[in-house]
Asks: 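Dropping a structure here in structure tokens format, bear with me for questions.
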Amino acid sequence: MINCSEKYKDIALRYGLANQINRLVEECSELIQAVMKYKRITESKGLELEKLMLAKENIIEELADVCVIMEQIIYLFGCKREVEKTADLKIMRQIKRINDKTE
Ligand SMILES: [Mg+2]
């Protein structure tokens, strides 16, 4: 099996920051649309399971797209450690809010 965990760097360097920023906007927009469609289906009368499964598959596709482009932007910005550190701080802050019941 091909290990492509570092291959996103090749893609990022091939297309460059300006193009990949545009891709990030596009992919985030597609994810929002996929999530909104899933939400509409769950809220509609007479839940259609097949439609729901397709909508979920679409969300998975778009999540993957966002993850791939996000990794590229983080790489091109050279900010992996900062993003990880900031994410950790945000998680810890939210856990504290939950435990303090201040959320
Ligand atoms: Mg997409």
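Numbering of ligands and ligand atoms starts at 1, following listing order.
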Asks: What's the shortest heavy-atom distance between Arg23 and Ile69, and which atoms?
Replies: CB-CD1, 3.6 Å
Asks: Identify the heavy atoms of Ile41 and Glu48 that sit nearest to each other, and give their distance.
Replies: CG2-O, 4.2 Å
Asks: Show me the side-chain donor-acceptor pairs of residues 83-100 shorter than 3.5 Å, one per line, residues at least two apart or across chains.
Replies:
residue, atom, partner, partner atom, Å
Thr86, OG1, Glu82, O, 2.7
Gln94, OE1, Arg97, NH1, 3.1
Lys96, NZ, Asp100, OD2, 2.6
Asn99, ND2, Ile95, O, 3.4

Asks: Could you tell me if the side chain of Val35 sits less than 4.5 Å from the side chain of Ile59, heavy atoms only?
Replies: yes
Asks: Charged N to carboxylate O below 4.0 Å: is that the case for Glu71 and Lys80?
Replies: yes
Asks: Please check if the side chain of Asn58 supplies one atom and the backbone of Leu54 the other of a donor-acceptor pair under 3.5 Å.
Replies: no
Asks: Show all protein N/O/S atoms under 2.8 Å from the Mg ion (ligand 1), or state that there are none.
Replies: Glu27 OE1, Glu30 OE1, Glu62 OE1, Asp65 OD2
